[in-house]
Every structure is written in C-alpha cells, then in structure tokens.
Amino acid sequence: MAEDLTAQVLSAVNSANGPVLTSKAFPDAEFNTIKSAIDKLRSRGYLEAKQVDRLELVPTEEGTAIVQHGSQEARVYNAIKEKGKVPVKELPSLIGDANVAKFGQMAAFRNKWVKKDGDMLVPLVDSIKDVTGDQLKEIADKKTLSDSKAVADLKKRKLVTERKVVTFEIQKGPNFSMEFVKEQTDLTAEMLADGSWKTIKLKPYNFKAKGAPTPSGALHPLNKVRQEFREIFFEMGFEEMPTNKFVETGFWNFDALFVPQQHPARDQQDTFFISDPPKADPPREDPPTQVLEQLSLSDPNHPDASINPSQTQQNGPKVDYQQYWENVQAVHQDGKYGSTGYKYPWSKDESLKLVLRTHTTAISTYMLKKLAENPRPIRYFSIDRVFRNETVDATHLAEFHQVEGVIADWGLTLGGLIGFMEVFFAKMGITDLRFKPAYNPYTEPSMEIFSYHKGLGKWVEIGNSGMFRPEMLEPMGLPKDMRIYGWGLSLERPTMIKYGVSNIRELLGHKVDLNFIETNPAVRLNKA
Ligand code: PHE
C-alpha cells in the first residue's frame, strides 16, 4: 500500500495559520498519495481543500546545461578571457564541446564580447553579464520568471518548457481533529453483541464506486464483426439469405456456377466430400415454399429466420429443377445460350455428390435460381461458414466465414461494381482500393479487390468479385439483359486485423483464451 499521509496533512494544517499549499508543505510527496489523503479528509469534513493549478517553468536538458556551466557565449568569453587570446582552431578543444564552441562564438561576436585578431580570438570587454545564464538559474531556482518577454524568448530557444502543476490549498474543515478515527467498513455481529456499534465510526457508503463486474456471456469477436457487417448490409438495403446448411450438392456448389467437373477446386485436395451418404437424390419438382422451409425458415430462433419469407416465396410458376438440371448439363457439355460450353461429357452422378460447401456462392446461386421465377432488382447478402480442405497454418483453418453479397438489376456495369465496392468498404474504414483482373469460372469479368495494409506495409487481397456469367444465369431462366454482381470476402481477415490477432488459432478452436473473448469490446469497423 502507498504511504499514508493523513496524519502529516492534519498536523500541517493544525500548525499553520491559514491555508497551506501542499506543494510547499509536501514538496516531495507523490501527487496520488497526497490527493488520496486530501480526498479522504475532505469527504469527512476534516479539511477544506481547493485545487490550484499553476504553470511552472522547467529548464530543458540544454537549459540545465546552461544553469550548470553558463550560456554558450559566456563559456566562450570566459575561456578566451582567462587565456588572454586563443587560436581560433583551438577553441573547440578548449571548450570541450564543438557545438558550444561554434554557437557560443557566434553569439559572443554578436554581443561584441570577443573579436577575431588574425588567427586569434581576443576579448573585447573586461567583464560580461551572462543574462541568459542568470535567467535560467533563476528559473531553475524559482520555477518562474517575471520578465515575460524573456520567458517567450527562452521557450523559443527551447531552453525552458512549461509544466502544469496541480496543488491543493488546504485548511481546517468543520470536523477538524488531529486524530483521524479509523473507520469501520463492516458492521459485524460482535459489534452488535458487545455494544461497540454505538461508538464506532462507519465508513460512509460510496455510491459512486463502480460495482464489481458480474460474470456474463460474451459474443465472440467474429460474431461482433459479423454484426457490424450485417448492419452495413441492412443499411444499404440488403436482405439476408438463408445459409444454415453446410452440406450442398456438387450441383449447387459447382455445376450451377459453371464450374467444370474436372476443375481442380472439385478435387479431394480442396473440397471435403461427404462419405455417408455420399450422394443426394436427383432433383424433383419442389414447390418453392417447401424447399425454403427445409432450408431454414422453420426455426424461428435461427438468426437467418429474420429474413422475410414472403420475399422468397413467390406465387410464380413452380421451379422446374429437372429442366434446370438439363440446361446446366447442356451448357457445360455441348454449349447453349450462345456459349460453346466446355465440351466434355457431363456426369449427373458427379453433380449429385455431397460436399461441405466451399463457398456461400452456392446459396447465392440457389437464391438467383429462385429469382428467375420473378425477376426483379434485389440485394442479398449472407455471412456464414464455408469449408475448404486446406493445410492448416497460422492464418488458415479448414473452415472460415464468408461475407457474400449479390446485386441483381438491369443496366448494371463493371464501373458500377467498382463504385459500389468503394462505398461498401469505406463503411468499414477501408478506403484505398485496387482492382485486379482475376478468374472465376462463374464471373466475367472477375476482379480481386486489394487494399493497402498500413501495418503490413503492403497491398493485401480483401475480396473477390465479378459479374455472373450468362452460362450461369441463362440456364436458370433469368432475363438475358439482367446483370448480376457478386463478391465474397472472409470474415476472419478483418476480425484478426481489428482485434490484433496474428494467429487464427487464438481466435477459433480449443486454444482460444476465454478471457480474450469476454473482455474484448465491440469494435466499430470504421475506427481502425
Ligand atoms: N465465391 C468466391 C470466393 O469464394 C467469391 C465470389 C462470390 C466471387 C461471387 C465472385 C462472385 O472467393
């Protein structure tokens, strides 16, 4: 515990006639120690105290050197005066400091204290008054100087600085006594039994004290950042897609997106295939409402239940998935809709294989197929988990969260996508974007989005985007002249940046420190 100055403060006030300045009475006391003693005594009426702030002048390091040795010009003068004359070249070694010699000589010339005589420096006057040195000595001593012009000049020369000093002016209060009675904090059974409760002094209850933190649940940082993203999307007129199914068919995850069946992403190396059951049933004609109920909306507690079912349950024609399946086969295998296709034998079995979805674009695709029943401008988003069979390291896990957006409208252009991205990322505090042409089987053109990471000092990829291909949209029956943007980014990357986590295992999995989860504040994305 810090030193207790209660008794000393009481005796200082008692022996003084009138107010006492703590800076005078306790020049060496720690500010906090003196303040806690005064607060305690003032709140019990032992003292009256007034806080006085004042500015003190303090010599800087250079100023302190002048206090000790005199000003530079005085040192030069004194050295020359003592020797009678000094060769110009020898002045630095005589003074012992090249800078002092140089600047001191200049000032001594200016003051007409010394002059050059050939190669020699000689004094011009018999004695000098070292004004700067004297002023600084006075400041070191009294912490103040009455000549305000001189103070301004010394500050400009960086020889003194100003420091705010807080002191208290204290005097006796209405309950003053030389003895501070120790206050009890608890009323005990013994005090009641032995009657001492009548005489003890109880410590007043401090209603301003902060309560002890109560244990409570906490949102995971990923969920906090997810919520920030959701709010950005809602603010921009987006609706949330139902994403609560981790298992997809190869069809929705790949084929419908015009990803060829031999694409490396469909390899065991990159995708988790389900072994039991390994395959889905062939598509059947489901009424749209039923499909959606199975998908998510039946659980009112699921966050995705916040989406408006009426918006996805259309009364339009039933979706003919059989026809759609065949359209997708045709566009891959033989070409259709003006596309030459990939020209390979497309396998229905391959499209029925079950996988852990590798991107939420599978959901976007399903939602776009539904849009074809009633084509209209839409803005959809989702934030949920995806799975990739990747080598796990400090920044990669085999699963992560994808933030995904889709905009459908007539007359959309690539320039519009770039403009939208700038607005979207600016809402997260990410402003300087660069776009790089990229390749996705399902978008053309495709662009990787980069932003300059100040901490890493380089451009980092923050997202992938593009305009969906006709080979993907036309088999669905979407109007030829409708344009659709899509983009995706990971939720983990911005979360790690915002929370200063460099290893993903500190954020997810069994190594996570629960204290980290509980104590982290919510982040505002726009405040880096
Ligand atoms: N599916 C892409 C990914 O996983 C993101 C994306 C979505 C790109 C939509 C373009 C369009 O990175």
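In this text, all values refer to a predicted model and were calculated from it rather than measured experimentally. Just so you know, ligand 1 is whichever comes first in the structure, and atom 1 is the first atom listed for that ligand. Residue indices begin at 1 and follow the sequence shown.
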Min heavy-atom dist Glu461 to ligand 1 below 4.0 Å: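 Per 4.0 Å heavy-atom rule, Glu461 does not contact ligand 1.
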
Residue-ligand contact Phe468/ligand 1, heavy atom below 4.0 Å: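 For ligand 1, residue contact (heavy atoms, under 4.0 Å) with Phe468 is present.
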
For ligand 1, the portion of Ser465 having any non-hydrogen atom under 4.0 Å away: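 Within the 4.0 Å criterion, Ser465 contacts ligand 1 through backbone atoms alone.
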
Side chain, backbone, both or neither: the part of Met467 lying under 4.0 Å from ligand 1 by heavy atom: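 Under 4.0 Å from ligand 1, Met467 contributes no heavy atoms.
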
What's the shortest distance from [atom] to any protein heavy atom, and which residue and atom give it?
atom: atom 6 (C) of ligand 1; answer: Gly488 N, 3.8 Å
atom: atom 12 (O) of ligand 1; answer: Asn464 ND2, 3.3 Å
atom: atom 3 (C) of ligand 1; answer: Gln402 NE2, 3.5 Å
atom: atom 2 (C) of ligand 1; answer: Tyr442 OH, 3.2 Å

Min side-chain heavy-atom separation Leu257-His359 under 4.5 Å: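 Heavy-atom side-chain distance check passes, below 4.5 Å.
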
Close side-chain approach of Glu404 and Thr361, heavy atoms under 4.5 Å: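 When only atoms from C-beta onward are counted, Thr361 and Glu404 do touch, with a gap below 4.5 Å.
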
Residues Asp432 and Ser451: side-chain donor-acceptor under 3.5 angstrom: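 Checked: Asp432/Ser451 side chains show no N/O donor-acceptor pair below 3.5 Å.
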
Trp252 and Ser351 side chains, donor-acceptor separation under 3.5 Å: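 There is no such pair (donor and acceptor under 3.5 Å, judged by atom type) between the side chains of Ser351 and Trp252.
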
Test applied, ring pair (Phe, Tyr, Trp, His ring centres under 6.0 Å); reference residue, Phe387; option that passes from Phe272, Phe246, Phe273: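 Among the candidates, only Phe246 passes.
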
Nearest option to atom 7 (C) of ligand 1, as decided by whichever heavy atom of Asn440, Thr361, Val386 sits closest: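 Of the listed residues, Thr361 has the closest heavy atom.
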
Residue pair Val166, Arg54: steps toward the side chain to side chain contact (heavy atoms under 4.5 Å, CB included) verdict: CA-CA 6 Å; Val166 177; Arg54 101 193 124 70; over 6 Å; no

Heavy atoms of other groups near Gln269 CD, more than 12 under 6.0 Å: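 No, the 6.0 Å shell around CD holds no more than 12 heavy atoms from other groups.
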
Enumerated ligand 1 atoms positioned under 4.0 Å from heavy atoms of Gly486: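 Within the 4.0 Å cut-off of Gly486, ligand 1 contributes 9 (C), 10 (C), 11 (C).
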
